[in-house]
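Report on the structure given below.
Letters A, B, ... are given to chains in the order of the sequence lines, protein chains preceding strands, and every chain is numbered from 1. This is a predicted model, so every value here is computed, not measured.
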There are 2 protein chains.
Amino acid sequence: MDAAERLLITEGHAAISTRRVAEEAGLNHGLVHYYFGSMDELLVQVLERFTQRLIERQREMYGLEVPFIEKWRAAMSYLEADEASGYQKLWFELQALSWNRPELQARVARVNAEWRAVVTDAFTGAVQSYGLDTNAFPVPAIVSLVMTFNQGLILEGLSGVREGRDDLLNAIDRWLVSLEGGPA
Amino acid sequence: MDAAERLLITEGHAAISTRRVAEEAGLNHGLVHYYFGSMDELLVQVLERFTQRLIERQREMYGLEVPFIEKWRAAMSYLEADEASGYQKLWFELQALSWNRPELQARVARVNAEWRAVVTDAFTGAVQSYGLDTNAFPVPAIVSLVMTFNQGLILEGLSGVREGRDDLLNAIDRWLVSLEGGPA
DNA sequence: TTGGGATTTAGTCATATGTCTAATACAAGT
DNA sequence: ACTTGTATTAGACATATGACTAAATCCCAA
């Protein structure tokens, strides 16, 4: 599974085969069948394991009792660290895989839902402590905006697009700092 | 190329082969080599053609001299129409393909840049006519936010995630309507 | 009507792939 | 030392694939 993850990161799901994975792992290709039954099942379990890890990480982040702006900055710093580590590539390759495998979609949706739950909690707290007006922009709308813009940033990153990225992140950070002043 | 696009939409780039494309097109598989030289070149040309079409469409949208909110609503209605037509699936499959083919990345980046140019023009106009304060949130930041959130929405759509989508789109629409009242 | 280039076909070739099996190596406990 | 179940290997098998070719067919302009 580690070898499969490495290959997903470096070559993508289209390039994965039993023999390729075995070579990467330094093992015999028959073992894929012995341990997983099929190539597909290996990929399913990679997604499964990824899901569990991500959920764990998010539970941790959620548990911290720190000011909202710290959570935000932590999340934004993940954005860079995860790009460097290949974590995002792995996640997006698994998503791309699921586009054509209905049986995997539910699991991808679950990761999304877990993530959404964390973001929702964080922003529910932020909206209260900042005293923001949620009539015009209710929390679910904010959460959706944050989730989607985040995924869009990752996607652009995978294509090497950096334009406007810092402008946006800086603007948001400035705005959050200005909110720290008091209710608005 | 039409057949290849259909297969990208229905089965993804990993499932494409000369014989599969030929079967879909009702032609002999040798023709892929005859006309394109290789399977890779076919996909490159599909991306090429997609790029040209998208640029054309955006030039059209950009040409219209209508109030900003109309442009916005047109763009948002594309979001649904393109989902139904498979256009987004095609575009994202091509992007996923480019993640592992450096020679395609420049072209994907170009599509992104063209799109960004259109959005930038539209929002430069909007910011002026609405009299928005661009100190806190400069146009490049707004553009980046709009681009990324849009792509994130598409991505979620491909995974069947709908949560928060309407909340967000409605909130934005309401906000734009409120801006129509006058400078704020 | 016909000549010749463009198109299309059927098929070859080497290689790659997923699945599966028989045989062997190994480690742990008795 | 011996047994037993797990781990690992080498390899078989049918099928799929990309690349390529020789031959057939088509179509149009002369």
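For B:E114 and B:R110, the salt-bridge test passes: some basic side-chain N is under 4.0 Å from an acidic carboxylate O.
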Sequence neighbours excluded and cut-off under 3.5 Å, please list the side-chain donor-acceptor pairs for residues 9-18 of chain B, or say none.
unit_1, atom_1, unit_2, atom_2, d
B:T10, OG1, B:R6, O, 3.0
B:E11, OE2, B:R20, NH2, 2.6
B:H13, ND1, B:E93, OE1, 2.8
B:S17, OG, B:R20, N, 3.1

Distance-only donor-acceptor pairs under 3.5 Å for side chains of residues 26-37 of chain A, two or more places apart:
unit_1, atom_1, unit_2, atom_2, d
A:N28, OD1, A:G30, N, 2.7

All N/O donor-acceptor pairs, side-chain side in residues 140-153 of chain B, below 3.5 Å, sequence neighbours left out:
unit_1, atom_1, unit_2, atom_2, d
B:S144, OG, A:G164, O, 3.3
B:T148, OG1, B:S144, O, 2.7
B:T148, OG1, B:L145, O, 3.1
B:Q151, NE2, A:E156, OE2, 3.2
B:Q151, NE2, B:M147, O, 3.4

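Cluster partners of B:V66 are B:L64, counting Ile, Leu, Val, Met, Phe, Trp and Tyr whose side-chain heavy atoms approach within less than 4.5 Å, directly or via other members. Grouped with B:V161 in a hydrophobic cluster is no other residue, since no side-chain heavy-atom contact under 4.5 Å to another Ile, Leu, Val, Met, Phe, Trp or Tyr is found.
Sorted by first and then second residue, the side chain to side chain donor-acceptor pair (under 3.5 Å) pairs involving residues 68-79 of chain A (not counting sequence neighbours) are A:R73-A:D173.
Proximity of residues 94-102 of chain A to DNA chain D (heavy atom under 4.0 angstrom from any strand atom) is not detected for any residue. Less than 4.0 Å separates DNA chain C from at least one heavy atom of each of the following residues of residues 6-19 of chain A: A:I16, A:S17, A:T18, A:R19. Taken residue by residue, residues 21-48 of chain B places heavy atoms nearer than 4.0 Å to DNA chain C at B:N28, B:H29, B:L31, B:Y34, B:Y35.
Distance alone, capped at 3.5 Å, is enough to place a donor-acceptor pair between the B:Q88 side chain and the B:L79 backbone.
Residues satisfying the salt bridge (Lys or Arg N to Asp or Glu O under 4.0 Å) criterion with B:R162, sequence neighbours excluded, are B:E83. Contacts of A:D166 classified as salt bridge (Lys or Arg N to Asp or Glu O under 4.0 Å), with partners at least two apart in sequence or in another chain: none.
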With side-chain hydrogen bond (donor to acceptor under 3.5 Å, both in side chains) as the criterion, how do A:E48 and A:Q52 come out once you've worked through the C-alpha distance, each side chain's angles and the decisive distance to 0.1 Å? CA-CA 6 Å; A:E48 193 78 15; A:Q52 285 175 355; 4.7 Å; no
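A:V139 pairs in a side chain to side chain contact (heavy atoms under 4.5 Å, CB included) with only one of the listed residues (A:D121, A:V127, A:L132), which is A:V127.
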Polar atoms only, N or O, under 3.5 Å: list the protein pairs with nucleotides 23-25 of chain C and their distances.
none

